[in-house]
Amino acid sequence: MKTVIIGGVAGGASAAARLRRLDEKAEIIIMERGDYVSFANCGLPYFIGGVITDKKMLTLQTPESFRARFNIDVRVKNEVVKFDPERNTVLVNDLTSGRTYEETYDDLILSPGAKPVIPDIEGTDSEGVFTLRNIPDTYAITDYIENRKPASAVIIGGGYIGVEMAENLIAAGLKVTIAELSDHIIGPLDFEMAADIHKYIREKGVNLITGSAVRKISDTGHGLELTLDSQTLTADMVIMSVGVSPDTSLAAKCGIMLNRRGSIVVDKNMKTNYDNIYAVGDAAEVHDFITDNSAFIPLAGPANKQGRIAADNICGIASEYTGTQGSSILKIFEMTAAATGINEKTAKAAGIDYDKTYIYSGSHAGYYPGAVNILVKALWDRKTLKLIGAQIVGFDGVDKRIDVLASAIRFGAEITDLTSLELSYAPPFSSAKDPVNMLGFVAQNVVTGKLKQFFWDEVNDLPRDGSVTLLDVRTKTEYQRGNIDGFVNIPLDTLRDHLDEIPRDKPVYVHCHSGMRSYIACRLLTGNGFDCYNLAGGWRLFESAINEKTVPEYICTQCR
């Protein structure tokens with residue numbers, strides 16, 4: 001058996017290693033047009049920022065190590081310029097010698113990855129304009145910083161790489177601006193979940209511009225000038241980070257079926273429209289685990305799994321890829337943002353009848369020093385109650401909670417199943433009722449009708465004509481620090497003494513800081529005959545999303 005693999009990074013390298021573990025006699029050849037195989041794409045920004053200092057740490061394997069450990073023939077600087085599915089051959093251009101040669105195969109794995117999207121604007125080819133996708137890109141950026149000593153940079157695009165680059169360019173001593181076309185950064189998050197991040201990175205020195213497109217880049221001879229919809233910026237260097245697209249021009253030219261996004265169409269075994277040709281990684285079509293719709297979700301974890309699955313099937317082991325749910329996490333200075341499953345935009349586009357809730361809960365027991373609050377959002381299908389998405393923003397403890405929720409989604413848990421999860425607890429690590437449990441408790445109250453909610457984007461549309469009662473149950477001090485127009489302040493602990501002042505024939509809309517005390521208030525009011533609605537996420541979420549005025553407050557005060 002002879003397998004040729006085109007592309008030697010995540011999916012291709014994973015497939016090669018799995019093939020060898022399954023078949024010691026197989027002939028395995030990796031064709032990589034670049035200089036490196038099996039390198040750490042996700043670590044590249046941290047080399048630029050000086051967190052990773054050893055170049056060798058960026059390469060997980062080399063041609064020599066592949067040969068020594070796995071007896072795999074890795075050919076870097078060998079570009080496949082054509083393959084013939086009928087003759088089972090690839091035509092290869094050796095970029096070092098310039099010679100062209102042909103190689104046969106029994107099975108072919110396509111793992112060309114993705115390429116940076118370069119927007120159609122003038123000046124993207126100017127000196128000082130970079131993309132970051134591979135190790136040569138990384139070295140080009142670090143050399144430019146070292147030799148040219150730029151003082152400022154504009155990052156076009158506020159996705160994962162853009163935000164990571166902002167942090168690391170600041171660590172390298174530059175003044176940084178992020179220019180993002182959308183109304184918020186980090187696309188998998190919903191707007192209100194990104195609002196805290198907006199304020200936080202501005203506090204860290206990032207000049208964040210949202211909702212404005214870059215129309216032109218001009219080289220003035222003294223730097224770069226960027227023309228945006230809303231303003232003009234100057235910078236010494238620019239990082240293009242507007243996203244990636246599948247690198248599938250070769251596949252299309254050779255008769256491989258693509259979908260409308262340009263991704264290679266594959267079945268659950270990672271097979272293309274040819275029985276002995278497979279595709280894995282960022283170039284391959286995936287199906288969203290929640291919606292089952294075709295999706296483009298370029299992530300390292302899925303790419304590695306797909307490589308393994310393709311290798312299994314080549315070796316006669318029935319193996320299927322069951323979809324991508326987009327579990328991702330991002331370090332933003334000391335903050336963490338994470339998501340899994342789908343967000344509201346995707347749920348609406350898929351026609352899913354969903355419900356949602358928020359909690360603002362402590363990373364560990366409030367009485368143990370160092371507790372911080374994390375903001376958690378969950379979406380579930382109203383009909384099946386299945387958890388379909390979760391987002392978390394905070395500091396300590398975000399990673400382990402998103403992984404629990406990702407696992408729950410993968411195994412088909414209902415939102416109310418979160419109440420029964422038995423999660424590890426000790427005061428330095430969690431609370432007796434972990435935030436994941438608390439999320440389930442709140443959702444259970446919604447599902448069973450014990451809690452009726454309204455949301456941050458509905459607050460300003462509530463009538464102020466007396467037809468409803470608007471109630472703020474925070475303390476007087478909290479109210480004086482900031483309040484929502486039209487909401488009357490009656491602190492929770494005095495509410496029973498003021499029930500006669502609240503009309504019983506009108507709905508009551510209640511909020512507190514996080515939604516916890518207002519839930520207690522709603523139960524009190526409901527028990528006394530009122531029709532009560534609780535502001536999910538509380539005043540802090542509303543204030544963050546609507547006003548973006550205050551620095552995020554994350555100190556746990558008994559986690560309110």
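All residue numbers in this chain count up from 1 along the given sequence.
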Enquirer: So, R464 side chain and D485 main chain: donor-acceptor pair closer than 3.5 Å or not?
Expert: yes
Enquirer: Do you see a donor-acceptor pair shorter than 3.5 Å between the side chains of D417 and S420?
Expert: no
Enquirer: How about T177 and N207: does a side-chain donor come under 3.5 Å of a side-chain acceptor?
Expert: yes
Enquirer: Please report the interatomic distance OG1(T142) to CG(N168), rounded to the nearest 0.5 Å.
Expert: 12.0 Å
Enquirer: Under a 4.0 Å threshold between the charged nitrogen and the carboxylate oxygen, would E478 count as salt-bridged to R540?
Expert: no
Enquirer: Shortest non-hydrogen contact from P427 to Y367?
Expert: CG-OH, 3.3 Å
Enquirer: Any luck finding a side-chain donor-acceptor pair between Q325 and T340 under 3.5 Å?
Expert: yes
Enquirer: Rounded to the nearest 0.5 Å, what separates atom CZ in F191 from atom CD1 in I186?
Expert: 13.0 Å
Enquirer: Report yes if some heavy atom in the side chain of Q231 is under 4.5 Å from a heavy atom in the side chain of S212; otherwise report no.
Expert: no
Enquirer: How about K433: does its NZ atom have over 12 heavy atoms from other parts shown lying under 6.0 Å from it?
Expert: no
Enquirer: Hydrogens and angles aside, do Y46 and E167 bring a side-chain donor and acceptor to less than 3.5 Å of each other?
Expert: no
Enquirer: Run the salt-bridge test on K506 and D531 with the 4.0 Å N-O cut-off and return the result as yes or no.
Expert: no
Enquirer: Just by modelled atom types, is the F455 backbone N or O under 3.5 Å from a matching donor or acceptor in the E458 side chain?
Expert: yes
Enquirer: Would you say that more than 12 heavy atoms from the other residues, nucleotides or ligands in this model lie under 6.0 Å from the NZ of K175, or not?
Expert: no
Enquirer: Could you grab the distance from atom CZ of F333 to atom NZ of K204, nearest 0.5 Å is fine?
Expert: 7.0 Å
Enquirer: Any idea which heavy atoms bring S126 and G123 closest together, and the distance?
Expert: OG-O, 2.8 Å
Enquirer: R504 and N528: side chain to side chain contact (heavy atoms under 4.5 Å, CB included), yes or no, with the steps?
Expert: CA-CA 9 Å; R504 293 177 183 271; N528 282 277; 4.0 Å; yes
Enquirer: Roughly how far apart are I392 CD1 and I402 CD1, rounded to 0.5 Å?
Expert: 4.0 Å
Enquirer: Under 3.5 Å, is there a donor-acceptor pair between the side chain of E180 and the main chain of G158?
Expert: yes
Enquirer: I need the Q453 CD to N445 CG distance, nearest 0.5 Å.
Expert: 9.5 Å
Enquirer: Regarding D381 and K386, does a basic nitrogen lie under 4.0 Å from an acidic carboxylate oxygen?
Expert: no
Enquirer: For the residue pair E225 and I217, establish whether any side-chain heavy-atom pair is separated by less than 4.5 Å.
Expert: no
Enquirer: Test your reading of the model: is there a side-chain donor-acceptor pair from T419 to the backbone of T416, 3.5 Å cut-off?
Expert: yes
Enquirer: Which heavy atom of G162 sits nearest a heavy atom of I178, and at what distance?
Expert: O-CD1, 4.3 Å
Enquirer: Might you work through the side-chain hydrogen bond (donor to acceptor under 3.5 Å, both in side chains) test for T494 and D497, ending with a clear yes or no?
Expert: CA-CA 6 Å; T494 66; D497 299 330; 5.9 Å; no
Enquirer: Taking atom CD as the centre, does E501 end up with more than 12 heavy-atom neighbours from other residues, nucleotides or ligands that are less than 6.0 angstrom away?
Expert: yes
Enquirer: Evaluate the criterion ring-ring contact (aromatic ring centres under 6.0 Å, His included) for residue pair F395 and Y200; output intermediate values, then yes/no.
Expert: CA-CA 11 Å; F395 291 88; Y200 177 74; 5.5 Å; yes
Enquirer: Check whether the ring centres of F542 and F487 lie less than 6.0 Å apart, and answer yes or no.
Expert: no
Enquirer: Could you walk me through whether R401 and V398 satisfy the side chain to side chain contact (heavy atoms under 4.5 Å, CB included) test, starting with their C-alpha distance in whole Å, then the side-chain angles of each, then the deciding distance to 0.1 Å, before giving a yes or no?
Expert: CA-CA 5 Å; R401 274 64 186 228; V398 170; over 6 Å; no
Enquirer: Taking all non-hydrogen atoms of both residues, which atom of A151 and which atom of D236 are closest, and how far apart?
Expert: N-OD2, 2.8 Å
Enquirer: Surrounding OH of Y368 (heavy atoms of other residues, nucleotides or ligands, distance under 6.0 Å), is the total greater than 12?
Expert: no
Enquirer: Quick one: do the E285 and S294 side chains pair a donor with an acceptor below 3.5 Å?
Expert: yes
Enquirer: Could you tell me if E192 and S544 have a donor-acceptor pair between their side chains, going purely by distance under 3.5 Å?
Expert: no
Enquirer: Heavy atoms only: give me the nearest Q391-L189 pair and the separation to one decimal.
Expert: OE1-CA, 3.3 Å
Enquirer: Should the pair D190-K345 be classified as a salt bridge under the 4.0 Å nitrogen-to-oxygen rule?
Expert: no
Enquirer: Cut-off 3.5 Å, side chains only: do D434 and Y425 have a donor facing an acceptor?
Expert: no
Enquirer: Charged N to carboxylate O under 4.0 angstrom, K356 versus E344?
Expert: yes
Enquirer: Hey, are the side chains of S241 and I156 touching, using non-hydrogen atoms and a 4.5 Å cut-off?
Expert: no
Enquirer: Do N534 side-chain atoms and A536 backbone N/O form a donor-acceptor pair below 3.5 Å?
Expert: no
Enquirer: Output yes when a side-chain donor or acceptor of H198 lies under 3.5 Å from a complementary backbone atom of I185, and no otherwise.
Expert: yes
Enquirer: Determine whether W380 and V447 satisfy the following criterion, side chain to side chain contact (heavy atoms under 4.5 Å, CB included), listing intermediate values before the conclusion.
Expert: CA-CA 10 Å; W380 66 90; V447 169; 3.9 Å; yes
Enquirer: Are I388 and I409 close enough that some pair of their side-chain heavy atoms sits under 4.5 Å apart?
Expert: no
Enquirer: Does any non-hydrogen side-chain atom of V510 lie less than 4.5 Å from one of L535?
Expert: no
Enquirer: Is there a donor-acceptor contact under 3.5 Å from the side chain of H364 to the main chain of A371?
Expert: yes
Enquirer: Hey, are the side chains of I141 and I239 touching, using non-hydrogen atoms and a 4.5 Å cut-off?
Expert: yes
Enquirer: Please answer whether the main-chain N or O of T220 pairs with a side-chain N or O of S218 as donor and acceptor at a distance below 3.5 Å.
Expert: no
Enquirer: Is there side-chain contact between L525 and L471, with at least one heavy-atom pair below 4.5 Å?
Expert: yes
Enquirer: Is there side-chain contact between I374 and P435, with at least one heavy-atom pair below 4.5 Å?
Expert: yes
Enquirer: Calculate, to the nearest 0.5 Å, the distance between atoms CE and OG1 belonging to M240 and T124 respectively.
Expert: 6.0 Å
Enquirer: Counting N and O atoms only, with roles assigned by atom type, does the side chain of T346 sit under 3.5 Å from a partner on the main chain of I342, one being a donor and the other an acceptor?
Expert: no
Enquirer: Does Y509 form a ring-ring contact (aromatic ring centres under 6.0 Å, His included) with Y533? I'd like the steps, not just the answer.
Expert: CA-CA 5 Å; Y509 291 82; Y533 297 80; 4.9 Å; yes
Enquirer: Decide side chain to side chain contact (heavy atoms under 4.5 Å, CB included) for L387 and L405; before the verdict, give the C-alpha distance in whole Å, the side-chain angles of both, and the deciding distance to 0.1 Å.
Expert: CA-CA 8 Å; L387 180 64; L405 294 170; 4.1 Å; yes
Enquirer: If I compare all heavy atoms of Y479 with all of R474, which pair ends up nearest, and what's the gap?
Expert: CA-NH2, 3.7 Å
Enquirer: Give a yes or no on whether the backbone of Y354 and the side-chain of R382 come within a donor-acceptor separation of less than 3.5 Å.
Expert: yes
Enquirer: Using 4.0 Å as the upper bound for N to carboxylate O, is an ion pair formed by R133 and D282?
Expert: yes
